[in-house]
Amino acid sequence: MMHFLLLFSRQGKLRLQKWFLPLPERERKKIVKDMTTMVLSRKPRTCNFLHWKDLKIVYKRYASLYFCCALENKDNELLALEILHRYVELLDKYFGSVCELDIIFNFEKAYFILDEFLMGGEIQETSKQSIAKSVEASDMLQETMEEYMSKPAF
Amino acid sequence: MTTGCHASKDTVMTPSVRLQEMIRVIRSARTQGEERGIIQKECADIRAQFRQGDNGERSHSLAKLLYVHMLGYPAHFGQMECVRLIASPRYSEKRIGYLGAMMLLDEKQDASLLITNSIKNDLSHSSQYVQSLALCTLACMGSAEMCRDLAPEIERLLRASNCYIKKKATLCAVHIIRKVPELAELFTPSARSLLSEKNHGVLHGAVVLITELCEHNPDTLDQFRKAVPELVQIMKGLVTSSYSPEHNVAGISDPFLQVRILRLLRILGHNNDTASDAMNDLLAQVATNTDSSKTAGSAVLYETVLTIMDINSESGLRVLAVNILGRFLLNNDRNIRYISMTSLQKIVQTDHNAVQRHRGTIVDCLKDQDTSVKRRALELSLALVSAVNIRSMMKELLIFLSTCPPELRSQTTSGIFNVAERYSPSKRWHIDTILHVLTTAGGDVRDETVPNLIQLITTASELHCYTVHKLYRALVKEISQQPLVQVACWCIGEYGDLLLKGECEEIEPVQVTEDDVLDALETVLQSHMSSPATRGFALTATMKLSTRITDNVDRIRSIVSIYGSCIDLELQQRAVEYNALFKKYDHMRAAVLERMPVMGKNSPGHTNGDTSGENKEPDPSKPKPVEAGLLSEPASQVCDLLDLLGGTDTPLQPNPAPTSTPTTTSSTDLLDLLGGLEPTPVLTETVYEKNGLRLKIQCDKQTETEVMVTLIGSNSAQNDITNFSLQAAVPKSVQLQMKAPSGNVIPAHGLGQVTQTVVLNNPNKVSLKIRIRVSYSNQGVMHQDTVQIDSFPSPACQPQSALCDTYTSSASP
């Protein structure tokens, strides 16, 4: 299973963090720091796999964003590259030519999309169209102001 | 800047605008301090919002808080708001509330329990998207308690719901099993039936669930082996299916599902012939037909190879798998080369010959730019060295060593030494290789290298001349690599005579004078680059040369005496002792400094360096006079020696019976002579000799008012002396204390002795005398004698006046 998925910029600013294991806040911060340091110091034209503690780290750079995830030993690294790529494709489809700013200003949507793709550190759905449809349908459910206020609070 | 063009934007109340406004403001902050100020203000606003009643703003506020949290600021005050929003009937609020729960709550927080009820309700919600939120959150942060609570619900959803919910419920079940393994039984029945689903999402989830169940319980694994044919069918369908746009990735149909099925097959086929047979054809088919030009195909092939190697596959299939890995090695994609080597590393022991075929490519990967690839190539190369290819492989490894990145150097040197030791074709090659490594990367070798190399050199006696010449030349060139310098010094000290002779068959002759050699050693001694241990080596080597050269002994004498006042304690002690060797013990010098015998190999894990705390670099050649007695004893004794000489104050331990005959029979006398390892000389005097019994007195310690002597009884007669006891009397003002004797039987033929320590306290500083009564039995006859000692064998105890008249008598305790 995937342990965590991080998105960060070339300056090390965190844009998204998904944790599939319970970890205290302090430790999460430390891991983020370790990951950004490790990945950002990689030279170009090196392979996308790293070892960190007992995990395999797979990262890929898309424009100004680094996508970085941690796998267990029995997981397939090459497939992880495909997973990261699939996520980028999903974001691209949703936002239309996605760029880092989209993810900054609409981070909650990036999470919603991710939550339709991965769950509990595993892949939930392998069809791009299926995911896109679900996200769209969920967005539709978001009420207009009148609908919103007409429903009771609790 | 795009703001998320979206078809449904018109119907949404655009809460994001306010969130986006805040984000814009935060990003415009020019300093960290400014950002903090903005955030403080925003958080205050958010808190105020939370406190107010329902005003349609709650979800924006929480969204803002989540953004602030991602920047690294504290957001715990939002936890309860998440709980409230989750319970709201409004979808927008639920959506952000659940997101907040996943980000801010984890199982350690108390608040997480409060959402259990909401989750439970939402699991049965009429809208599948609300159900989805609940399932997702449970799978993300559900604690064991929550899992136990909600497991029955999940199981129900597994069986009876639409595909959208089923696939999510399946992964939720996986999470539950990971948290509460006992609940696995609950999901086992439904898991199998899920395999007949057509929906890839559900199928994928089912495979993950079955994998999890099998990993948890070997009995379940047995059960699911029956599903192998079904899984094989599904795989076949994927591999041979026509193009399906929904699942196609670079020509592969649903590589994600394929990989998971292959992984499950691996678990089911492991150690089981029937299952392995059932999947044999399929694996061959996948291995041959999968297009690996893109990552997706390579990922599937990679998983296939792992599966083939881990089950009981036919040998033909295994060869196919290794060949795939070999092809991967030639792939342009660095990732694939890396993967290939990790896999080859796993099988290099079991399928050694198959991997050997790709040795050339692996060695080429040593030159790759990527350090991770280099590291893998190094490990594999070392594993592939054999007696047949050692020479060519070592060439490559040495080239690699000269250019490899610093973080790999010590791994490389260790690896080289290991394989050299196992496969070296000749001693000379072995020594040459080690010397080459020491010259190239001397700073990155393990501590044991120096004693190991010295030991190796001593065993190659025919190469002593060659070795010392080579090392001398290396030393003259440069002296920065400490291990090399240490070994060189040791050899020069040991085999200096061979060096000076000038000729050597295997190496070009060069005339080396005594001055040259001493110059080299002195350079080492004086250089700031030399570590203290290295200087120790150099000093000892210089000393040893005093018996191997003829003209410049005086120069050595002066070097040694200079270092007698060196600040370094270790060097000073050595110099002082060597000085003593020149002065008082010159007669012993040749014996002490003679050629070392061949050293036995240490047992693994036992290095000379371990025994002493002071010496970081062990010096097996430190020639204390005591060494003479132990020269021909095996290596384990040598290590005991180092133990003694490590600077501890432990008294001389009696050595176990030597396995080879000692060359010097006077060893015990030598030990006696030197007593404890104090630099000040200690003297013995015989005071009584009769009937084979010989009594000696040895002055151990003297101060102005206290003297400690040891009385030593030895027996050169044919029969043992028994009932041996001593009594002593001293002048009145002197206090006498006799310690317990070591025994009362003195074996015959000088095979043992009895000692007794006596302490005399002389506060008035009168002249010391002692009267001793000796009692013993010899061949059944009792003897008793008295002997008076007027002078002790030490200048400090010279008698100053005539005899005293009265003695106080004291019986031995």
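Throughout, protein chains are lettered first and strands after them, A, B, ... in sequence-line order, and every chain is numbered starting at 1.
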A:Glu116 versus B:Tyr164, side-chain donor and acceptor atoms under 3.5 Å: yes

Side chain proximity check, A:Asn106 to B:Gln20, heavy atoms < 4.5 angstrom: yes

Non-hydrogen side-chain atoms of A:Met1 and B:Val174 separated by less than 4.5 Å: no

Which atoms of A:His51 approach chain B - backbone, side chain, both or neither, heavy atom under 4.5 Å: side chain

Plane angle bin for A:Phe117 and B:Phe256 - parallel if under 30°, tilted between 30 and 60°, otherwise perpendicular: perpendicular

Which portion of A:Ile104 sits near chain B, non-hydrogen atoms under 4.5 angstrom: both

Largest heavy-atom contact set with chain A, pairs under 4.5 Å, which of B:Met103, B:Gln369, B:Arg337, B:Arg266: B:Met103

Residue from B:Leu171, B:Leu135, B:Thr170 passing side chain to side chain contact (heavy atoms under 4.5 Å, CB included) with A:Gln124: B:Leu171

A:Glu108 to B:Leu19 - nearest heavy-atom pair and separation: OE1-CD2, 3.5 Å

Flag, side chain of B:His204 to backbone of A:Ile123, donor-acceptor distance under 3.5 Å: yes

Max heavy-atom pair count under 4.5 Å with chain A, selected residue of B:Arg260, B:His200, B:Arg178: B:Arg178

Nearest non-hydrogen partners of B:Arg334 and A:Cys47, listed with the distance: CD-N, 3.7 Å

Structural part of A:Lys29 lying under 4.5 Å from a heavy atom of chain B: side chain

Top contributor to chain B interface from A:His85, A:Arg15, A:Lys128, A:Lys43 [non-hydrogen pairs under 4.5 Å]: A:Arg15

4.5 Å side-chain heavy-atom contact, A:Met119 and B:Cys140: no

Nearest-0.5 Å distance, NZ of residue B:Lys168 to OG of residue A:Ser134: 6.5 Å

Sorted by number, residues from residues 75-83 of chain A in contact with chain B (heavy atoms, under 4.5 Å): A:Asp75, A:Asn76, A:Glu77, A:Leu78, A:Leu79, A:Leu81, A:Glu82, A:Ile83

Side chain to side chain contact (heavy atoms under 4.5 Å, CB included) assessment of B:Val249 paired with A:Arg86: CA-CA 10 Å; B:Val249 181; A:Arg86 174 58 63 91; 3.3 Å; yes

Contact check, side chains of A:Glu25 and B:His76, non-hydrogen atoms, under 4.5 Å: no

Reported CH2-to-CE distance for the pair A:Trp19 and B:Met141, which is rounded to 0.5 angstrom: 16.0 Å

Top contributor to chain A interface from B:Gly142, B:Gly205, B:Ser372 [non-hydrogen pairs under 4.5 Å]: B:Ser372

Choice from B:Lys294, B:Glu212, B:Arg27 maximising heavy atom contacts with chain A below 4.5 Å: B:Arg27

Per-residue contact mode, A:Arg42 against chain B (heavy atom under 4.5 angstrom): side chain

Heavy atoms from other residues, nucleotides or ligands near NZ of B:Lys346 exceed 12 (cutoff 6.0 Å): yes

From B:Asp370 atom CG to A:Phe49 atom CZ, the distance as rounded to the nearest 0.5 Å: 10.5 Å

Interatomic spacing from CD in B:Glu303 to NZ in A:Lys74 - rounded to 0.5 Å: 11.5 Å

Heavy-atom proximity to chain A below 4.5 Å, by part of B:Ser132: side chain

Atom pair CG (A:Leu141) and NZ (B:Lys94), whose distance is rounded to the nearest 0.5 Å: 12.0 Å

From CD (A:Glu125) to CG (B:Asn199), nearest 0.5 Å: 6.0 Å

4.5 Å side-chain heavy-atom contact, A:Arg45 and B:Asp368: no

Closest heavy-atom pair and its distance - B:Met102, A:Asp115: CE-OD2, 3.3 Å

Pair B:His175-A:Glu122, side chain to side chain contact (heavy atoms under 4.5 Å, CB included): steps then yes or no: CA-CA 10 Å; B:His175 174 84; A:Glu122 306 282 356; over 6 Å; no

